[in-house]
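Notes follow once the structure below has been shown.
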Amino acid sequence: GEDVEQSLFLSVREGDSSVINCTYTDSSSTYLYWYKQEPGAGLQLLTYIFSNMDMKQDQRLTVLLNKKDKHLSLRIADTQTGDSAIYFCAEPHGSSNTGKLIFGQGTTLQVKP
Amino acid sequence: DAGVIQSPRHEVTEMGQEVTLRCKPISGHDYLFWYRQTMMRGLELLIYFNNNVPIDDSGMPEDRFSAKMPNASFSTLKIQPSEPRDSAVYFCASSFGSRQQYFGPGTRLTVT
(Lines give C-alpha, C1' and ligand atoms only; values in the text may rest on other atoms or scores of the structure.)
Protein backbone atom coordinates (compact mmCIF):
# COMPACT_ATOMS: atom_id res chain seq x y z
CA GLY A 1 0.00 0.00 0.00
CA GLU A 2 0.94 3.62 0.00
CA ASP A 3 3.45 4.75 2.54
CA VAL A 4 5.47 7.89 3.18
CA GLU A 5 8.53 7.54 5.41
CA GLN A 6 10.55 10.21 7.18
CA SER A 7 13.18 10.24 9.86
CA LEU A 8 11.71 11.45 13.14
CA PHE A 9 14.24 13.96 14.42
CA LEU A 10 16.94 16.33 13.19
CA SER A 11 19.04 18.71 15.25
CA VAL A 12 21.16 21.47 13.70
CA ARG A 13 22.91 24.64 14.81
CA GLU A 14 21.60 28.04 13.85
CA GLY A 15 23.12 29.14 10.55
CA ASP A 16 23.75 25.59 9.32
CA SER A 17 21.78 23.93 6.53
CA SER A 18 19.08 21.40 7.36
CA VAL A 19 18.16 18.52 5.10
CA ILE A 20 14.96 16.60 5.76
CA ASN A 21 14.42 13.43 3.77
CA CYS A 22 11.32 11.55 2.69
CA THR A 23 10.59 8.41 0.69
CA TYR A 24 7.25 7.68 -0.94
CA THR A 25 5.75 4.72 -2.74
CA ASP A 26 3.27 5.95 -5.37
CA SER A 27 5.18 6.60 -8.58
CA SER A 28 2.07 8.11 -10.18
CA SER A 29 1.98 11.08 -7.78
CA THR A 30 1.60 14.28 -9.76
CA TYR A 31 3.05 16.46 -7.05
CA LEU A 32 4.51 16.17 -3.57
CA TYR A 33 4.13 18.52 -0.63
CA TRP A 34 6.06 19.76 2.37
CA TYR A 35 4.00 21.01 5.30
CA LYS A 36 5.29 22.77 8.42
CA GLN A 37 3.68 22.54 11.85
CA GLU A 38 4.76 25.04 14.47
CA PRO A 39 4.09 24.32 18.16
CA GLY A 40 0.42 24.55 19.04
CA ALA A 41 -0.69 25.18 15.46
CA GLY A 42 -2.08 23.29 12.49
CA LEU A 43 -0.11 22.25 9.44
CA GLN A 44 0.69 24.89 6.84
CA LEU A 45 1.82 24.26 3.31
CA LEU A 46 5.47 25.20 3.01
CA THR A 47 6.17 24.27 -0.60
CA TYR A 48 5.36 21.68 -3.24
CA ILE A 49 6.97 20.24 -6.35
CA PHE A 50 5.45 18.84 -9.52
CA SER A 51 6.58 15.37 -10.48
CA ASN A 52 8.02 16.62 -13.78
CA MET A 53 10.54 18.72 -11.89
CA ASP A 54 13.80 17.62 -10.28
CA MET A 55 14.35 20.71 -8.19
CA LYS A 56 12.48 23.73 -6.93
CA GLN A 57 14.04 26.65 -5.10
CA ASP A 58 12.15 29.22 -3.06
CA GLN A 59 14.34 31.61 -1.09
CA ARG A 60 16.00 29.53 1.65
CA LEU A 61 14.12 26.38 0.66
CA THR A 62 15.30 23.85 -1.94
CA VAL A 63 13.25 20.78 -2.79
CA LEU A 64 14.93 17.92 -4.61
CA LEU A 65 12.97 15.09 -6.22
CA ASN A 66 14.53 11.80 -7.30
CA LYS A 67 11.70 9.96 -9.04
CA LYS A 68 13.78 6.86 -9.73
CA ASP A 69 14.43 6.32 -6.03
CA LYS A 70 11.10 7.88 -4.94
CA HIS A 71 13.05 10.20 -2.68
CA LEU A 72 12.15 13.76 -1.77
CA SER A 73 14.25 16.14 0.29
CA LEU A 74 13.81 19.60 1.76
CA ARG A 75 16.87 21.71 2.33
CA ILE A 76 16.68 24.81 4.51
CA ALA A 77 19.65 27.12 4.10
CA ASP A 78 20.87 29.31 6.97
CA THR A 79 18.52 27.60 9.43
CA GLN A 80 17.03 29.92 12.02
CA THR A 81 15.51 29.22 15.44
CA GLY A 82 12.15 30.14 13.92
CA ASP A 83 12.49 27.12 11.63
CA SER A 84 12.10 24.80 14.63
CA ALA A 85 8.95 22.83 13.85
CA ILE A 86 7.67 19.48 12.60
CA TYR A 87 7.97 19.02 8.85
CA PHE A 88 5.64 16.63 7.02
CA CYS A 89 6.10 15.19 3.59
CA ALA A 90 2.84 14.26 1.76
CA GLU A 91 1.74 12.72 -1.52
CA PRO A 92 -1.72 12.45 -3.10
CA HIS A 93 -3.53 9.18 -2.55
CA GLY A 94 -3.64 7.04 -5.66
CA SER A 95 -3.55 8.18 -9.26
CA SER A 96 -7.12 9.45 -9.30
CA ASN A 97 -8.24 12.82 -8.10
CA THR A 98 -9.41 11.80 -4.61
CA GLY A 99 -8.30 14.88 -2.71
CA LYS A 100 -6.79 12.66 -0.01
CA LEU A 101 -3.13 13.08 1.02
CA ILE A 102 -0.86 10.49 2.58
CA PHE A 103 1.36 12.12 5.22
CA GLY A 104 4.66 10.93 6.62
CA GLN A 105 5.21 10.70 10.36
CA GLY A 106 6.80 14.12 10.47
CA THR A 107 10.40 15.17 11.19
CA THR A 108 10.98 17.32 14.25
CA LEU A 109 13.62 19.93 13.47
CA GLN A 110 15.42 21.32 16.49
CA VAL A 111 17.56 24.41 15.87
CA LYS A 112 20.11 25.18 18.56
CA PRO A 113 21.28 28.77 18.97
CA ASP B 1 -10.92 34.57 4.13
CA ALA B 2 -10.60 33.64 7.81
CA GLY B 3 -9.24 30.21 7.05
CA VAL B 4 -10.55 26.97 8.52
CA ILE B 5 -12.27 27.64 11.82
CA GLN B 6 -12.47 25.05 14.58
CA SER B 7 -14.21 25.17 17.92
CA PRO B 8 -13.62 24.77 20.72
CA ARG B 9 -9.84 25.23 20.78
CA HIS B 10 -9.57 23.28 24.02
CA GLU B 11 -11.96 20.76 25.53
CA VAL B 12 -11.59 18.97 28.83
CA THR B 13 -14.21 16.40 29.64
CA GLU B 14 -14.74 13.38 31.82
CA MET B 15 -14.73 9.84 30.60
CA GLY B 16 -18.15 8.79 29.35
CA GLN B 17 -19.26 12.25 28.29
CA GLU B 18 -20.23 13.20 24.75
CA VAL B 19 -17.85 15.50 22.92
CA THR B 20 -18.67 17.49 19.78
CA LEU B 21 -15.99 19.19 17.74
CA ARG B 22 -16.94 21.73 15.10
CA CYS B 23 -15.40 22.89 11.86
CA LYS B 24 -16.14 25.59 9.32
CA PRO B 25 -14.18 25.03 6.10
CA ILE B 26 -12.95 27.72 3.76
CA SER B 27 -15.77 28.98 1.56
CA GLY B 28 -15.77 27.33 -1.87
CA HIS B 29 -13.76 24.31 -0.83
CA ASP B 30 -15.36 20.99 -1.73
CA TYR B 31 -13.29 18.62 0.41
CA LEU B 32 -13.26 18.44 4.20
CA PHE B 33 -10.96 16.25 6.26
CA TRP B 34 -10.84 15.29 9.94
CA TYR B 35 -7.46 14.25 11.39
CA ARG B 36 -6.27 13.18 14.81
CA GLN B 37 -2.73 13.79 16.05
CA THR B 38 -1.04 12.08 18.99
CA MET B 39 2.57 11.59 19.97
CA MET B 40 2.23 7.83 19.69
CA ARG B 41 0.39 7.54 16.37
CA GLY B 42 1.26 10.77 14.62
CA LEU B 43 -1.24 12.31 12.20
CA GLU B 44 -4.15 10.02 11.29
CA LEU B 45 -6.90 10.70 8.76
CA LEU B 46 -10.23 9.82 10.36
CA ILE B 47 -12.74 10.66 7.64
CA TYR B 48 -13.16 12.94 4.67
CA PHE B 49 -16.07 14.41 2.73
CA ASN B 50 -16.49 15.56 -0.84
CA ASN B 51 -19.41 17.90 -1.52
CA ASN B 52 -20.80 17.07 1.94
CA VAL B 53 -20.80 13.31 1.27
CA PRO B 54 -18.55 11.01 3.34
CA ILE B 55 -16.08 9.36 0.99
CA ASP B 56 -13.78 7.37 3.27
CA ASP B 57 -14.38 6.74 6.96
CA SER B 58 -11.97 3.82 7.27
CA GLY B 59 -9.84 5.81 9.71
CA MET B 60 -12.63 6.26 12.25
CA PRO B 61 -11.42 4.25 15.25
CA GLU B 62 -14.72 2.72 16.30
CA ASP B 63 -18.45 3.26 16.49
CA ARG B 64 -18.05 5.79 19.26
CA PHE B 65 -16.87 8.24 16.60
CA SER B 66 -19.24 9.82 14.09
CA ALA B 67 -18.96 12.74 11.70
CA LYS B 68 -21.51 14.75 9.78
CA MET B 69 -21.48 17.48 7.21
CA PRO B 70 -25.02 18.86 6.94
CA ASN B 71 -23.98 21.63 4.55
CA ALA B 72 -20.95 23.00 2.74
CA SER B 73 -20.00 25.34 5.58
CA PHE B 74 -20.19 23.13 8.65
CA SER B 75 -19.04 19.76 9.94
CA THR B 76 -19.02 18.04 13.30
CA LEU B 77 -17.02 15.19 14.78
CA LYS B 78 -18.73 13.54 17.73
CA ILE B 79 -17.34 11.10 20.27
CA GLN B 80 -19.86 9.31 22.45
CA PRO B 81 -18.93 8.07 24.97
CA SER B 82 -15.47 9.58 25.26
CA GLU B 83 -12.52 7.66 26.73
CA PRO B 84 -9.09 8.80 27.99
CA ARG B 85 -7.41 7.26 24.93
CA ASP B 86 -9.32 9.71 22.75
CA SER B 87 -7.18 12.53 24.14
CA ALA B 88 -5.46 14.11 21.16
CA VAL B 89 -5.42 17.17 18.95
CA TYR B 90 -8.14 16.98 16.31
CA PHE B 91 -7.62 18.92 13.09
CA CYS B 92 -10.05 19.83 10.40
CA ALA B 93 -8.74 20.67 6.93
CA SER B 94 -10.37 21.70 3.67
CA SER B 95 -9.30 21.86 0.05
CA PHE B 96 -10.55 22.67 -3.41
CA GLY B 97 -10.22 19.54 -5.49
CA SER B 98 -6.94 17.74 -5.03
CA ARG B 99 -5.03 20.91 -4.34
CA GLN B 100 -3.33 21.78 -1.08
CA GLN B 101 -5.18 21.21 2.16
CA TYR B 102 -5.66 24.11 4.53
CA PHE B 103 -5.62 23.12 8.18
CA GLY B 104 -7.47 24.65 11.08
CA PRO B 105 -5.74 25.44 14.39
CA GLY B 106 -6.99 22.21 15.96
CA THR B 107 -8.99 21.25 19.03
CA ARG B 108 -6.98 19.88 21.93
CA LEU B 109 -9.16 17.27 23.63
CA THR B 110 -8.37 15.96 27.08
CA VAL B 111 -10.52 13.16 28.50
CA THR B 112 -9.97 12.51 32.20
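Within every chain, numbering begins at 1; the chains are lettered A, B, ... in the order of the sequence lines, protein sequences first and strands thereafter. Given the structure is predicted, the values throughout are model-derived calculations rather than measurements.
Residues A:Leu43 and B:Phe103 share a closest heavy-atom pair of O-CB, 3.2 Å. The nearest pair of heavy atoms linking B:Gln100 to A:Tyr33 is N-OH, 3.8 Å.
Residues A:Leu46 and A:Phe50 share a single hydrophobic cluster, defined by chaining ILVMFWY side chains whose heavy atoms lie under 4.5 Å apart. B:Met69 is not connected to B:Tyr102 by any chain of hydrophobic side-chain contacts under 4.5 Å among Ile, Leu, Val, Met, Phe, Trp and Tyr, and they are in different clusters. Note: the hydrophobic cluster containing A:Leu65 does not contain A:Met55 (ILVMFWY, side chain heavy atoms under 4.5 Å, direct or indirect links). In the hydrophobic clustering of this structure, B:Ile55 does not group with B:Leu46; members are Ile, Leu, Val, Met, Phe, Trp, Tyr whose side-chain heavy atoms approach within less than 4.5 Å, directly or through other members. Residues B:Val89 and B:Ile47 do not share a hydrophobic cluster, defined by chaining ILVMFWY side chains whose heavy atoms lie under 4.5 Å apart.
Heavy atoms closer than 4.5 Å to chain B are found in the side chain of A:Gln37, but not in its backbone. Of the two parts of B:Arg41, neither the backbone nor the side chain holds a non-hydrogen atom closer than 4.5 Å to a non-hydrogen atom of chain A. Only the side chain of A:Tyr35 comes within contact range of chain B, judged by heavy atoms closer than 4.5 Å. Only the side chain of B:Leu45 comes within less than 4.5 Å of a heavy atom of chain A; its backbone N, CA, C and O stay farther away. For chain A, the nearby part of B:Tyr35 is the side chain; its heavy atoms alone come within less than 4.5 Å. If you measure heavy-atom distances from B:Asn50 to chain A, you find no contacts under 4.5 Å at all. With a 4.5 angstrom heavy-atom cutoff, B:Gln37 touches chain A only via side-chain atoms.
Atom NZ of B:Lys68 has 12 or fewer heavy atoms from other residues, nucleotides or ligands within 6.0 Å. Heavy-atom contacts from other residues, nucleotides or ligands closer than 6.0 Å to CG of B:Asp63 number 12 or fewer. Counting non-hydrogen atoms of other residues, nucleotides and ligands closer than 6.0 Å to CD of A:Gln110 gives a total above 12.
Rounded to the nearest 0.5 Å, atoms OH (B:Tyr31) and NZ (A:Lys100) are 12.0 Å apart.
Within residues 104-112 of chain B, the residues having any heavy atom less than 4.5 Å from a heavy atom of chain A are, in residue-number order, B:Gly104, B:Pro105.
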